[in-house]
Amino acid sequence: MSVPPVLRWPYRYYNLRYPGGGPSIILRHPRGYTAEILFYGAQVISWKNQHGEELLFLSTEAIYERPHPVRGGIPICFPKFSDNANIEDNGFARTRFWRTEGLTYYYDTNFPPPSRDNAFVDFIFDDMPDDFPDWPNHSFELHLRVILGPTGDLTMISRVKNINANGEPFSFKFAYQTYFSVSNIRATQIEGLETMKYRDYLQDGGRFTEGANPISFQNEVDRAYLDTRDDISVADLDRLRTFTIHKNASLTDIDGAVHAADLGNEEYRQMVVVGAAAVRKEITLMPSREWTGTQRLSVVELD
């Protein structure tokens, strides 16, 4: 078995996944927490606690090449979200290769200087694809910082900047479509979305209001909860484990789903999608303006 390299700050190293996934960056905090991020989509596909237990779901049927998004982990949906009935209805950012900003000790200066208590990596995506018909040919920068903190929290900070030289604004939607690993979807509850309004994509995008109790699952779900609280929890009752999604004010909504499409046999029982999003309405940026969306994931386990 290969031995991980001895790391100094910023506690990361380059990795080549085989047979699937291509190049990635692995963050390994001195306290034992790890995370892995693909260059393909800048997608976090692994987040492990100090015991080496995986906290994110990744399908055994995942495909790691265009035009397919990787099923699982934390896909970044930009600039579209559930707008069309094609494979890129959640945007192109998750199906393109990103690049890193300073792979050794440097960092992307679009973000504050990183703390030496954290493992981190910065990515940038600014290549407008020619084959994406649903968004005009805008010029943009999408910066991402992934941080693994000293308590194991996983933070993702995205900054979108309009760099159109023609003076035109552009509009977009955004989501961190987070796939949590759970022991059994029927023993899983979401807390903090009670009485919230939501859009149900399984009912033609109709709008409804959630009940007064925590959400449990009996059937397939695909919803966007609108104007939600900043902290939402996912409770795995069998494992006595609770995830909390902490989001900033720019991410007003929550994407929530349980589905069996594109998954292995019975895998839908082992995952739930709950992620911070801005999807109720499009965000419009004027040239030279920026937008920042932050999601921090924490986990508490009862012995």
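Just so we're clear, the structure is a prediction, and the values are computed from it rather than from any experiment.
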Would you name the heavy atoms of [X] and [Y] that are closest together and state the gap between them?
| X | Y | value |
| --- | --- | --- |
| F81 | Q177 | CE1-NE2, 4.1 Å |
| L251 | A278 | CD2-N, 3.9 Å |
| I185 | M271 | CD1-O, 3.6 Å |
| A175 | A277 | CB-CB, 3.7 Å |
| S158 | L144 | OG-CD1, 3.5 Å |
| V234 | V272 | CG1-CG1, 3.9 Å |

Looking only at atom types and distance, does a side-chain atom of [X] sit under 3.5 Å from a main-chain N or O of [Y], one as donor and one as acceptor?
| X | Y | result |
| --- | --- | --- |
| N162 | E168 | yes |
| N164 | H138 | no |
| S171 | E282 | no |
| N49 | G52 | yes |
| R116 | P10 | no |
| Q43 | I76 | no |
| R269 | N184 | no |
| N248 | T292 | yes |
| Y40 | R66 | yes |

Show your reasoning for whether side-chain contact (heavy atoms from CB on, under 4.5 Å) applies to I74 and L154.
-> CA-CA 11 Å; I74 310 177; L154 183 72; 4.0 Å; yes
Where at least one partner belongs to residues 32-61, residue pairs that pass salt bridge (charged side-chain N to carboxylate O under 4.0 Å, His left out), sequence neighbours excluded | R17-E36, E53-R241
So the salt bridge (charged side-chain N to carboxylate O under 4.0 Å, His left out) pairs with at least one residue in residues 185-207 (sequence neighbours excluded) are D200-R223
If you measure from [atom1] on [X] to [atom2] on [Y], what distance do you get to the nearest 0.5 Å?
| X | Y | atom1 | atom2 | result |
| --- | --- | --- | --- | --- |
| N137 | F170 | CG | CZ | 12.0 Å |
| I26 | T34 | CD1 | OG1 | 7.5 Å |
| L58 | S46 | CG | OG | 8.5 Å |
| Y176 | K247 | OH | NZ | 12.5 Å |

Side-chain donor-acceptor pair under 3.5 Å between [X] and [Y], yes or no?
| X | Y | result |
| --- | --- | --- |
| S216 | Q189 | no |
| Q295 | T178 | yes |
| T188 | D236 | no |
| T60 | E267 | yes |

Given a cutoff of under 4.5 Å between side-chain heavy atoms of I, L, V, M, F, W and Y, with clusters grown through shared members, what are the other residues clustered with L226?
-> none
How is the hydrophobic cluster of L240 composed, in terms of its other members, when Ile, Leu, Val, Met, Phe, Trp and Tyr link through side-chain heavy atoms under 4.5 Å apart, directly or indirectly?
-> L302
Applying side-chain contact (heavy atoms from CB on, under 4.5 Å), can you list everything that pairs with [X], at least two apart in sequence or on another chain?
| X | answer |
| --- | --- |
| L193 | I190, M196, I215, Y225, T228, I232, I254 |
| T155 | I147, I157, T294, R296 |
| D231 | T244, H246 |
| S115 | D117, N118 |

Who pairs with [X] by ring pair (Phe, Tyr, Trp, His ring centres under 6.0 Å), at least two apart in sequence or on another chain?
| X | result |
| --- | --- |
| Y179 | none |
| W47 | none |
| F78 | W135, F140, F172 |
| F208 | Y198 |

Trace of the salt bridge (Lys or Arg N to Asp or Glu O under 4.0 Å) decision for D227 with R280 | CA-CA 8 Å; D227 296 320; R280 181 176 63 86; 3.3 Å; yes
Can D127 and R99 be counted as an ion pair, charged N to O under 4.0 angstrom?
-> no
Please step through ring-ring contact (aromatic ring centres under 6.0 Å, His included) for the pair F97 and F39, ending with a clear verdict.
-> CA-CA 5 Å; F97 278 92; F39 282 75; 7.8 Å; no
Is any side-chain heavy atom of [Y] closer than 4.5 Å to one of [X]?
| X | Y | value |
| --- | --- | --- |
| L55 | S181 | no |
| E220 | V258 | no |
| F123 | I25 | yes |

Would you sort out whether L297 and I245 count as a side-chain contact (heavy atoms from CB on, under 4.5 Å), showing the intermediate values?
-> CA-CA 5 Å; L297 305 179; I245 301 100; 3.8 Å; yes
Given the rule in the side-chain contact (heavy atoms from CB on, under 4.5 Å) test, do L148 and R28 qualify, once you have shown the distances and angles that lead to the verdict?
-> CA-CA 8 Å; L148 191 58; R28 185 161 61 85; over 6 Å; no
Test side-chain contact (heavy atoms from CB on, under 4.5 Å) applied to V299 and T242, step by step = CA-CA 6 Å; V299 59; T242 298; over 6 Å; no
Hydrophobic cluster identity match, Y14 and L27, side-chain contacts under 4.5 Å = yes
Go through the steps to decide whether W291 and F174 satisfy the test ring-ring contact (aromatic ring centres under 6.0 Å, His included), and finish with yes or no.
-> CA-CA 11 Å; W291 173 92; F174 189 95; 5.2 Å; yes
Do the ring planes of F125 and W98 sit parallel (below 30°), tilted (30 to 60°) or perpendicular (above 60°)?
-> parallel
